[in-house]
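Taking it in order: structure first as structure tokens, then the write-up.
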Amino acid sequence: MRRQKLADLRAAGFDPFRANVEPTHFSQDAIAQYVDEQDNTVTVTVAGRLITFRVQGGSSFVKIQDQQGVIQLYFRKDVLGEERYMVFKKQLDLGDLIGVTGTLFKTKTGEITVRVESFTLVAKALRPLPEKWHGLSDAEQVYRQRYLDLIVNQESRKRLMTRSRIVSHIRRFLEDRQFLEVETPVLQGVAGGAAARPFETHHNALGTDFVLRISLELYLKRMLVGGYDRVFEIGRNFRNEGVSRRHNPEFTMLEVYQAYSDYRGMMTLVQDLFRSLCNDVLGTAQITHAASGEVIDFAADWREVKYKDIIREKTGNPDWFNLSKADKIAGVEALGLKVDPKWEDYEITNEIFGKLIEPKLIQPTFVTHLPKELCPLAKITADDPTTIDVFELIIGGMEIAPAYSEQNDPDVQRQMFEAQAGEEVQKIDHDFLLALEHGMPPAGGMGIGIDRLCILLTGAESIRDVILFPQLRNTAG
RNA sequence: GGGUCGAUAGCUCAACGGUAGAGCAGCGUCCUUUUAAGUCGUUGGUUCUGGGUUCGAAUCCCAGUCGACCCA
């Protein structure tokens with residue numbers, strides 16, 4: 001039927017796919033032009049997708065949707081003339097893209113509406129829209145055909161637009177503080193800066209294998225060596241691991257490095273960032289955590305606690321870190337967890353943190369001074385050689401932002417890498433160590449998982465709800 | 001990788017092992033201020049795929065595909 005209408009239009013000498021309009025306003029901007037009590041004095045041209053169609057004899061109300069939202073249009077036979085009115089009634093379908101010019105007026109129910117004087121079809125929808133009332137709820141179709149989800153599901157539209165605003169706001173926030181945005185390689189010889197399995201690929205002309213980056217860290221630190229004292233990058237990382245509500249194989253990280261600062265400086269920075277996001281993007285500092293229903297209050301003071309203290313608190317044992325491995329295993333099992341006896345001491349303890357503590361930290365919490373084994377890139381704490389000068393910011397039971405006082409001693413860095421790599425010395429980034437030998441300023445660094453940040457700030461339940469096109473299995477054909 | 005659940009009209013969903021249905025969308029009719037507009041009529045199906053059981057399968061069994069959730 002829709003193809004027939006298209007054929008009829010073409011037979012009448014009009015091809016919608018060759019037509020265009022010049023909108024003067026987006027929908028909401030147009031509505032704002034209306035002058036109270038002065039119907040039909042302001043002329044606007046708006047364009048968008050037809051999403052409701054209510055014909056009643058010689059007059060009709062329809063609604064179109066654009067980037068800003070929805071605006072109502074009023075078509076009348078006596079305004080348009082018999083012939084054009086019939087084209088409107090018979091040739092247009094829900095889903096078509098049209099442009100109209102007309103004057104603004106207020107209906108008797110108070111809705112500001114365009115009284116259409118002329119209209120143009122600029123693209124014919126050959127397939128019908130999903131149902132208007134229930135929307136599109138099939139998860140697979142929502143992800144694979146996100147454009148349909150965006151057309152019919154207002155929450156998805158709003159949520160994903162909020163993501164754009166969050167990212168844009170972060171850029172402005174950092175630029176205001178003299179941070180420089182840089183772009184570093186996605187294709188790398190060694191996947192450094194984190195512990196994760198990379199995707200592998202091959203460059204034909206160079207005849208060499210590459211991995212896709214799993215972290216931005218080591219290249220941004222090279223920028224510190226190069227004299228860029230405040231840098232950041234917002235970029236895609238790739239990890240060849242599980243897919244879940246919290247994990248997508250490609251995800252967006254922000255990493256920030258500030259010379260002559262440290263992890264405490266990052267603490268201030270991240271709190272300021274959240275405060276300004278709440279203020280300027282969300283308009284509120286209280287957000288309901290989807291999974292627990294608890295209200296997260298970003299305006300309240302953020303808790304700060306040392307890793308060892310929170311473990312001692314959970315285990316009820318002030319002497320936990322002096323226990324033998326066997327006693328630690330017994331202690332962990334007493335808490336209802338299973339551990340592999342082959343694990344290192346710190347892994348056994350960290351199981352308590354990961355399973356019993358982190359998921360319960362809903363309000364913003366800085367956990368500081370983590371065991372040094374958990375990260376080889378940070379400075380050792382001056383008065384405790386078993387921990388590092390770092391924090392892990394936990395909100396909503398998720399790791400949102402780790403930050404370090406960055407290790408800038410090339411010899412200590414080399415030892416840490418070697419200890420971590422074990423047999424796999426080929427995985428050490430020697431070029432990075434060479435850079436450190438030229439002198440990297442002391443610095444604070446921080447990473448924020450943008451996807452998780454968006455989950456948190458939009459109250460979403462899954463990472464797939466804040467990524468436009470989340471990864472799914474390929475379908476045959 | 002393991003477990004649980006799911007896939008039926010364009011969309012949202014029904015249907016005891018016994019004629020595949022509704023609402024919206026579509027098509028036709030009436031209607032010049034509607035708000036999920038209303039009215040009367042009407043079209044529409046590889047029931048995810050492939051096997052099996054049965055007189056008879058959307059329904060039961062097996063295998064596969066895709067997805068969701070939980071676990072690793």
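Computation of the quantities below employed the complete heavy-atom set of this structure, encompassing side-chain atoms and omitting hydrogens, waters and symmetry-equivalent molecules. Below, chain A is the first sequence line, B the second, and so on; all start at residue 1.
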Touch class at under 4.0 angstrom, heavy-atom based, for A:Asp78 against every strand present: base

Atom C1', compared across B:rA9 and B:rU42: separation rounded to whole Å: 15 Å

Closest heavy-atom pair and its distance - A:Asn153, A:Gly135: OD1-CA, 3.5 Å

Contact pattern, 5' to 3', of nucleotides 36-48 of chain B - B, S or - by protein heavy atom under 4.0 Å: BB-----------

A:Arg245 side-chain N/O to B:rC70 phosphate OP1/OP2 under 4.0 Å: yes

Phosphate OP1/OP2 of B:rG10 contacted by A:Arg127 side-chain N/O (<4.0 Å): no

Sugar-phosphate, base or nothing in reach of A:Gln141, heavy atoms under 4.0 Å: sugar-phosphate

Phosphate contact (B:rU35 OP1 or OP2) by A:Lys63 side-chain N/O below 4.0 Å: no

Aromatic plane relationship, A:Phe366 with A:Phe391 - under 30° parallel, 30 to 60° tilted, over 60° perpendicular: perpendicular

Same-atom distance (P) from B:rG52 to B:rU59, integer angstrom: 14 Å

Geometric cation-pi criterion, A:Arg84 with A:Phe119: 6.0 Å, 45°: yes

Sugar-phosphate only, base, or nothing, as touched by A:Leu94 at under 4.0 Å among non-hydrogen atoms: sugar-phosphate

OP1 or OP2 of B:rU34 under 4.0 Å from side-chain N/O of A:Thr107: no

Euclidean distance, atom CG of residue A:Asp96 to atom P of B:rA25 [Å, nearest integer]: 16 Å

Spacing of A:Glu241 atom CD relative to B:rA72 atom P, expressed in whole Å: 15 Å

Per-nucleotide pairing state of RNA chain B [Watson-Crick or G-U, under 3.5 Å; [ ] pseudoknot-crossing; | other strand]: (((((((..((((....[..)))).(((.(.......).))).....(((((..]....)))))))))))).

Check residues 339-348 of chain A and write down every donor-acceptor pair under 3.5 Å in which the side-chain atom is one partner and the other belongs to a residue at least two apart or another chain.
{"from": "A:Asp340", "atom 1": "OD1", "to": "A:Lys342", "atom 2": "N", "distance (Å)": "2.9"}
{"from": "A:Asp345", "atom 1": "OD2", "to": "A:Lys328", "atom 2": "NZ", "distance (Å)": "3.0"}
{"from": "A:Glu347", "atom 1": "OE1", "to": "A:Glu344", "atom 2": "N", "distance (Å)": "2.8"}

For residues 46-59 of chain A, which side-chain donor-acceptor pairs fall under 3.5 Å, sequence neighbours excluded?
{"from": "A:Arg49", "atom 1": "NH1", "to": "A:Gly95", "atom 2": "O", "distance (Å)": "2.7"}
{"from": "A:Thr52", "atom 1": "OG1", "to": "A:Lys63", "atom 2": "N", "distance (Å)": "3.4"}

Could you pull out every donor-acceptor pair under 3.5 Å between side chains of residues 455-471 of chain A and any protein atom, sequence neighbours left out?
{"from": "A:Thr458", "atom 1": "OG1", "to": "A:Cys454", "atom 2": "O", "distance (Å)": "2.6"}
{"from": "A:Ser462", "atom 1": "OG", "to": "A:Arg464", "atom 2": "N", "distance (Å)": "3.0"}

Phosphate OP1/OP2 of B:rA68: any A:Arg464 side-chain N/O under 4.0 Å: yes

Ring pair (Phe, Tyr, Trp, His ring centres under 6.0 Å) partners for A:Tyr74, two or more places apart: A:Phe61, A:Phe105

